[in-house]
Amino acid sequence: MPNDTMKKIVSLAKRRGFIFQSSEIYGGLKACYDYGPLGVELKRNIKDAWWRDMVHRREDVVGLDCSIIMHPDVWKASGHLAGFSDPLVDCKNCKERFRADHAPRKDAGTETEYRENGKQDGKKLKGVVGKQGYVCPVCGGGDLSDERQFNLMFRTSLGSVDPMQEIAGAVEELAKLDAKGRRERLGEIIAKSAVYLRPETAQGMFVNFKNILDSSRMKPPFGIAQTGKSYRNEITTANLTFRTCEFEQMELEFFVEPGTDDEWYAYWRNARLEWYKKLGIREKNLRLRDHEQSELAHYAKACADVEYFFPFENESGEGEWGELEGIANRTDYDLKKHAEATGKDLSYFETETKKRYIPYVIEPAAGADRATLAFLCDAYDEEAIPDQKGEDAVRTVLRFHPRIAPIKAAVFPLVKKDGLPEKSREIMAALLDQGVNCFYDQSGAIGRRYRRMDEAGTPFCITVDAETNEQNTVTVRERDSMQQTRIGVNEVVEYIKEKVK
RNA sequence: GCGGGUGUAGCUCAGUGGCUAGAGCAUCACGUUGCCAACGUGAGGGUCGGCAGUUCGAAUCUGCUCACCCGCUCCA
């Protein structure tokens, strides 16, 4: 029952410290979430795996970490400042909210017929199309609100003087202006200090393209990678951390010679799908979906999404495909725009061939929070196992790939006497010393301790028992099979390190 | 933003004809046991989402509000 599954995952996430709602004791904040002790490890492991595979294991990619607040002109050049401001209109009849540029056109002054409240059996109403020249796309009504700007970027102000102060001082002047003039004047005042939280990390890579060429001796084909937070005022937020206003991205901008872009696009499109598989996401829950021409963003030549089948609650009751990552061919759009805006030369000169060109960009852009959620959902499993009395019982287990598991190993003394706790602590210390995140537990029955670790997704449990004192060996219990292997105490660190590599 | 649903302990949920708020699990302590969610005893933990109103009295009725879920819309 996938409907149930998401509920159980949310419950487990809260109970075990993966994901909490932001500011929960204040009643929560819309679409903001915090990662608890286990969640932060999981997310970090995913980001680290991405960084290692995309940057450290390649010669052709370098990293970058740029500021979230950038020069406001960056967003003018990239098209975000204009493109993010879609005029929205509310229908006063059926309460629909829609984009003005998507509404059906009708000549101003002509008559329009529609149903009351937009209901099929509603009373027939007649109206006149207003001077805006369009009607409601749902009910066809002409009784519409003014167009409202809805900026998808988070605006804030840079500088120690609050722009509110200047606005307060301009109140009388503003009162004399009409609505349009007032908006323009207010815009002028705010624009003096207005800056934006980035809606994507990508522009940081484009803006630093020349710096990196000049400082790193990289030449196309090469990439710049970055992870970090981005912010967008989403109209609708939903499904836990799947769509939030503040989110973390893992982006690569890969610069290539024009003409080679198609093959590099194909390369990354495939490579990125394989990455999720390699880290343990089941193949049946993954797919690549190519965008239709009409779906493509204004800058993109081609785009494909890596999608995961989330167990979200919905009408079908089965779950829903959701985007984890988009791989786009952004062409030379961004570098060209920034070159135009700044007058700087952002082309690349190839000395051997004496060719000069503005590189094309292939962009695999992944959501770190979405990936974390997908790994969590995919790891979730319930196993029917009879308990000691032979009655039906359920074992809840998170089957994380050891590389991303929050806790790599747990160390238990079978009993808390006969020097077993002391021996366990020694093994713990050796593991911690090697940077293996592990957990010590001596409370309650051993079976309970195993099951607790199953729920946290810990792949290995090391138990110190009577034989440890006699033969200097411990048991290693494997999470998925629940099989135990006996190994020497001095092999433990290497054994675990090898398994979680 | 609209429509529908939900909100009681860390989790899952009872509760009501309006009076001192409950269970199971979880957590902690002690004891016992010792390899797969054991047993006993005890303990801690609740602004009944928030604010206001009606009332002698509100978790319960009314209004507003916040958050989450579903649908529509949106997703450069």
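Residue numbering restarts at 1 for every chain, and letters A, B, ... go by the order of the sequence lines.
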When A:Cys32 and A:Leu414 are each assigned the nearest nucleotide of RNA chain B, the 5'-most assignment goes to A:Leu414

Length of the CD-C1' vector between A:Glu478 and B:C36, whole Å:
14 Å

So, A:Glu325 and A:Arg370, do they make that salt bridge, N to O below 4.0 Å?
no

Need one value for A:Ala300: base, sugar-phosphate or nothing, where a base atom within 4.0 Å counts as base even if backbone is also close, heavy atoms only.
nothing

Could you state the NZ-P distance from A:Lys7 to B:C69, rounded to the nearest angstrom?
11 Å

Pair A:Lys76 + A:Asp73, salt bridge at N-O below 4.0 Å
yes

Applying ring-ring contact (aromatic ring centres under 6.0 Å, His included), can you list everything that pairs with A:Tyr450, at least two apart in sequence or on another chain?
A:Phe412

Can you list the residues that meet the ring-ring contact (aromatic ring centres under 6.0 Å, His included) rule with A:Phe309, with sequence neighbours excluded?
A:Trp321

For A:Glu455, report the nucleic acid contact type (base, sugar-phosphate, nothing); a contact means any heavy atom under 4.0 Å.
base

At 4.0 Å (heavy atoms only), tell me whether A:Asp465 reaches a base, stays on the sugar-phosphate, or touches nothing.
base

Students often get this wrong, so: under 4.0 angstrom with heavy atoms, is A:Leu420 touching a base, only sugar-phosphate, or nothing?
nothing

Quick check: any donor-acceptor pair below 3.5 Å linking the side-chain of A:Arg477 to the base of B:C36?
yes

Determine the contact category for A:Ser11: base if any of its heavy atoms lies under 4.0 Å from a base atom, sugar-phosphate if only primed atoms, P, OP1 or OP2 are that close, otherwise nothing.
sugar-phosphate

For A:Asp418, check side-chain hydrogen bond (donor to acceptor under 3.5 Å, both in side chains) against everything at least two apart and list the hits.
none

Rounded to whole Å, the CZ-P distance (A:Phe412 to B:C35) equals 15 Å

Name all residues meeting the salt bridge (charged side-chain N to carboxylate O under 4.0 Å, His left out) criterion together with A:Glu478; count only those two or more places apart in sequence or in a different chain, and write none if there are none.
none

Would you kindly compare A:Thr463 and A:Gly28 by the position of their nearest RNA chain B nucleotide and give the one closer to the 5′ end?
A:Thr463

Which value, in whole Å, describes the distance between the C1' atoms of nucleotides B:C28 and B:G45?
11 Å

NA contact type, A:Tyr33, heavy-atom cut-off 4.0 Å: base, sugar-phosphate, or nothing?
sugar-phosphate

Could you check how far CZ of A:Arg449 sits from P of B:U33, rounded to whole Å?
15 Å

Give one of base, sugar-phosphate or nothing for A:Glu323, where a contact means two heavy atoms less than 4.0 Å apart.
nothing

For A:Glu200, the salt bridge (charged side-chain N to carboxylate O under 4.0 Å, His left out) test, sequence neighbours excluded, returns A:Arg330

Any side-chain N or O of A:Asn239 less than 4.0 Å from the OP1 or OP2 oxygen of B:C70?
yes

Find the distance A:Arg16:CZ to B:A37:C1' and express it as a whole number of Å.
11 Å

Can you name the salt bridge (charged side-chain N to carboxylate O under 4.0 Å, His left out) partners of A:Glu494, sequence neighbours left out?
none

Generate the contact string for nucleotides 27-32 of chain B. Rules: B means base contact, S means sugar-phosphate contact only, - means no protein heavy atom under 4.0 Å.
S-----

B:U33 P sits how many Å from A:Ile446 CD1, rounded?
16 Å

Whole angstroms only, please: what is the CZ-P distance between A:Phe20 and B:C68?
17 Å

Taking side-chain hydrogen bond (donor to acceptor under 3.5 Å, both in side chains) as the test, write out the residues that go with A:Lys30, two or more places apart.
none

Listed nucleotide nearest any side-chain atom of A:Thr396, set B:U33, B:C35, B:A37:
B:A37

Pi-cation contact, A:Phe460 with A:Arg479 (under 6.0 Å, within 45°)
no

Could you tell me how the ring of A:Phe310 sits relative to the ring of A:Phe312: parallel (under 30°), tilted (30 to 60°) or perpendicular (over 60°)?
parallel

A:Asp34 CG to B:A67 P, straight-line distance once rounded to whole Å:
15 Å

What residues, two or more places apart in sequence or in another chain, satisfy salt bridge (charged side-chain N to carboxylate O under 4.0 Å, His left out) together with A:Lys416?
none

Using a heavy-atom distance cut-off of less than 4.0 Å, which residues of residues 240-255 of chain A contact RNA chain B?
A:Leu240, A:Arg243

Using only side-chain N and O atoms of A:Lys14, determine if any of them is under 4.0 Å from OP1 or OP2 of B:G10.
no

In short, salt bridge (Lys or Arg N to Asp or Glu O under 4.0 Å) pairs touching residues 393-402 of chain A with sequence neighbours left out are A:Asp381-A:Arg399, A:Glu383-A:Arg395, A:Glu383-A:Arg399, A:Arg395-A:Asp454, A:Arg399-A:Asp480

Per the atom types in the model, does the base of B:C66 pair as donor or acceptor with the side chain of A:Tyr26 at under 3.5 Å?
no

Pairwise P distance, B:A14 and B:G7 [rounded to whole Å]
8 Å

Which ranges of RNA chain B pair up as stems, where a stem means three or more consecutive Watson-Crick or G-U pairs with both distances under 3.5 Å?
B:1-7 with B:66-72, B:10-13 with B:22-25, B:27-31 with B:39-43, B:49-53 with B:61-65

Please tell me whether A:Arg16 and A:Thr396 have a donor and an acceptor in their side chains that are separated by less than 3.5 angstrom.
no

Of the listed nucleotides (B:G34, B:A67, B:A37), which one gets closest to any side-chain atom of A:Gln21?
B:A67

With C1' as the reference atom in both, quote the distance from B:C75 to B:C36 in angstrom, rounded to an integer.
46 Å

